[in-house]
Amino acid sequence: MSGYPVDAAIASGPGYTIVENASLEGRNTFRVKARAQLLVDIHDDAALEEVFGFRGLHTQPVLVLGEGSNLLFAGDWPGIVLSMATRGIEVVERAADADVVRVAAGENWNDFVHWSLARGYAGLENLVLIPGTVGAAPIQNIGAYGVEVGEFIGRVHVWDRRGQRRVAIARDDCAFAYRDSLFKRDAERWLVTAVELRLPKHRDPHLDYAGIREELAALGKPPTPPHVAEAVARLRTRKLPNPAVIGNAGSFFKNPLVDPATARALQAIQPQMPAWPAGGQVKLSAAWLIEQAGLKGWRDGDAGVSERHALVLVNHGSASGADLWRVARHLMVTVRQRFGVTLEVEPRVIGGGADG
């Protein structure tokens with residue numbers, strides 16, 4: 001990208017700015033250096049039609065970027081990075097048991113969870129402290145502590161790049177799966193502009209996961225949504241390194257799904273191996289596999305694995321994205337050789353032969 005001026009604003013209008021050869025170092029939670037040919041910040045989604053008409057941008061590859069908490073730049077992005085910086089939360093439907101809330105894509109997810117709890121809604125408390133924006137939530141179908149966001153989503157509002165139009169996609173058409181969705185499978189087509197969530201006013205809490213009951217008991221508090229959120233936040237804070245302190249993108253690998261026969265064979269050799277039934281398959285703990293392979297806390301220069309959680313890759317200072325991707329591949333190869341299980345990457349990796 002040496003032919004472009006560095007960080008040069010080349011266009012702006014109501015609701016958007018476009019910068020050429022832009023640095024992305026401050027826009028990813030790994031804090032690795034990378035650049036984009038063009039960086040577009042959208043503050044009003046009404047500007048999308050004008051933006052994509054600029055210099056034929058609708059024909060170029062687009063990477064939609066929220067807070068950069070679910071990707072690794074192992075190289076530069078040769079096309080457009082589009083950041084949805086829109087704001088707004090609105091109750092669009094009210095009912096006795098639940099309300100429908102429309103949230104702009106650029107809203108911070110954790111802030112929205114606290115907004116919902118402060119207004120007496122239930123359901124999102126297990127998803128507290130997940131980094132990123134609301135617009136990223138349906139793409140990844142974010143989940144934690146036994147809850148996934150897809151179960152609350154009513155519709156996802158998107159800009160369809162193929163048809164150059166706005167579309168509202170109902171939940172049943174979003175193809176939500178474990179850390180997956182329609183929007184992730186066809187990332188070049190769909191640009192999330194807002195999400196509608198149906199938030200219940202009363203809901204049985206999800207407590208049977210990863211120490212939530214024990215944390216509530218230690219706090220001496222009943223399982224109300226705000227108290228469950230507090231318990232989950234304490235658990236996450238103890239387990240996961242803070243991206244503001246050390247560069248990371250949270251869990252880097254999905255928990256692998258294997259067939260029951262494979263799980264039984266592994267448990268015959270490793271009786272302590274955690275495993276859970278998952279829709280006819282068996283879910284294994286990626287963190288346990290990595291730790292048993294002796295890689296928790298392992299590092300190669302400034303790129304490594306967190307000492308606090310084996311699923312988290314960390315940038316100890318000046319690691320490049322390529323350095324971190326090399327560490328990730330080392331973990332994948334080692335676990336495959338040791339257990340015969342293939343680890344699947346959770347965030348999107350840009351460059352390094354892994355993009356897409």
Side-chain angles (χ1 to χ4, degrees), residues 1-87 104-107 132-140 156-167 181-194 249 321-322 325 347-356:
M1 299 186 188
S2 58
Y4 294 92
V6 175
D7 294 326
I10 60 171
S12 62
Y16 74 93
T17 58
I18 302 177
V19 174
E20 206 165 31
N21 193 15
S23 171
L24 303 174
E25 185 174 0
R27 292 178 180 251
N28 70 94
T29 58
F30 269 119
R31 300 203 292 274
V32 298
K33 293 180 180 179
R35 304 198 77 83
Q37 180 178 329
L38 292 176
L39 172 64
V40 183
D41 282 301
I42 300 290
H43 300 279
D44 182 349
D45 61 35
L48 285 170
E49 186 171 2
E50 180 177 347
V51 164
F52 281 110
F54 179 80
R55 291 190 184 177
L57 294 192
H58 66 282
T59 65
Q60 299 184 36
V62 173
L63 172 67
V64 180
L65 185 67
E67 295 180 353
S69 60
N70 197 48
L71 55 78
L72 170 64
F73 285 108
D76 292 333
W77 178 253
I80 307 159
V81 168
L82 190 147
S83 175
M84 292 298 293
T86 52
R87 298 289 186 270
E107 289 284 348
T133 61
V134 169
I139 298 172
Q140 188 72 3
V156 178
H157 295 266
V158 298
W159 174 263
D160 178 4
R161 292 190 67 217
R162 187 179 301 167
Q164 290 294 291
R165 62 194 180 102
R166 298 176 186 277
V167 181
S181 70
L182 168 74
F183 317 109
K184 185 175 182 179
R185 296 172 201 170
D186 197 357
E188 280 293 311
R189 178 175 183 180
W190 307 112
L191 195 163
V192 176
T193 60
W325 181 228
R348 184 173 182 182
V349 181
I350 305 300
D355 183 29

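Between Pro14 and Ala47 the shortest heavy-atom distance is O-CB, 3.6 Å. For the residue pair Ala34 and Gly75, the shortest heavy atom distance occurs at CB-O, 4.0 Å. The minimum heavy-atom distance between Gly132 and Glu67, with the atom names listed, is N-OE1, 3.4 Å. When all heavy atoms are compared, the tightest approach of Met84 to Ala105 is CB-CB, 4.2 Å. Scanning both residues, Ala85 and His43, for their nearest heavy atoms gives CB-ND1, 3.7 Å.
With sequence neighbours excluded, the residues that form a salt bridge (Lys or Arg N to Asp or Glu O under 4.0 Å) with Arg189 are Asp160. Shown here are the side-chain contact (heavy atoms from CB on, under 4.5 Å) partners of Ala136, two or more places apart in sequence or in another chain: Thr133. Judged as a side-chain hydrogen bond (donor to acceptor under 3.5 Å, both in side chains), and not counting sequence neighbours, Asp44 has no contacts. By the side-chain hydrogen bond (donor to acceptor under 3.5 Å, both in side chains) test, Gln140 pairs with Asn70, Lys184, sequence neighbours left out. Not counting sequence neighbours, Arg87 has no partner by the side-chain hydrogen bond (donor to acceptor under 3.5 Å, both in side chains) test.
Under the 4.5 Å side-chain criterion, counting only non-hydrogen atoms from C-beta, Trp159 is not in contact with Val64. Taking 4.5 Å as the limit, every side-chain heavy atom of Thr86 sits out of range of all side-chain heavy atoms of Thr193. Considering only heavy atoms from C-beta on, Val40 stays 4.5 Å or farther from Phe52 through its side chain. Using a 4.5 Å cut-off on side-chain heavy atoms (C-beta onward), Val192 and Val158 make contact. You'll find the side chain of Ile18 stays beyond 4.5 Å of the side chain of Glu20, heavy atoms only. Between Leu65 and Leu71 the shortest side-chain heavy-atom distance falls below 4.5 Å. A 4.5 Å side-chain heavy-atom check between Arg166 and His157 finds every atom pair outside the cut-off.
Under the side chain to side chain donor-acceptor pair (under 3.5 Å) criterion, the residue pairs touching residues 25-34 are Arg27-Asp41, with sequence neighbours excluded.
The closest donor-acceptor contact from the side chain of Ser181 to the backbone of Pro138 lies under 3.5 Å.
Glu188 CD: more than 12 foreign heavy atoms inside a 6.0 Å radius.
Once rounded to the nearest 0.5 Å, the distance linking CG of Leu48 with CD of Gln164 reads 9.5 Å. The CG atom of Leu24 sits 11.0 Å away from atom CH2 of Trp77, with the distance rounded to the nearest 0.5 Å. The line from CG of Leu38 to CG of Leu82 is 10.5 Å long, rounded to the nearest 0.5 Å.
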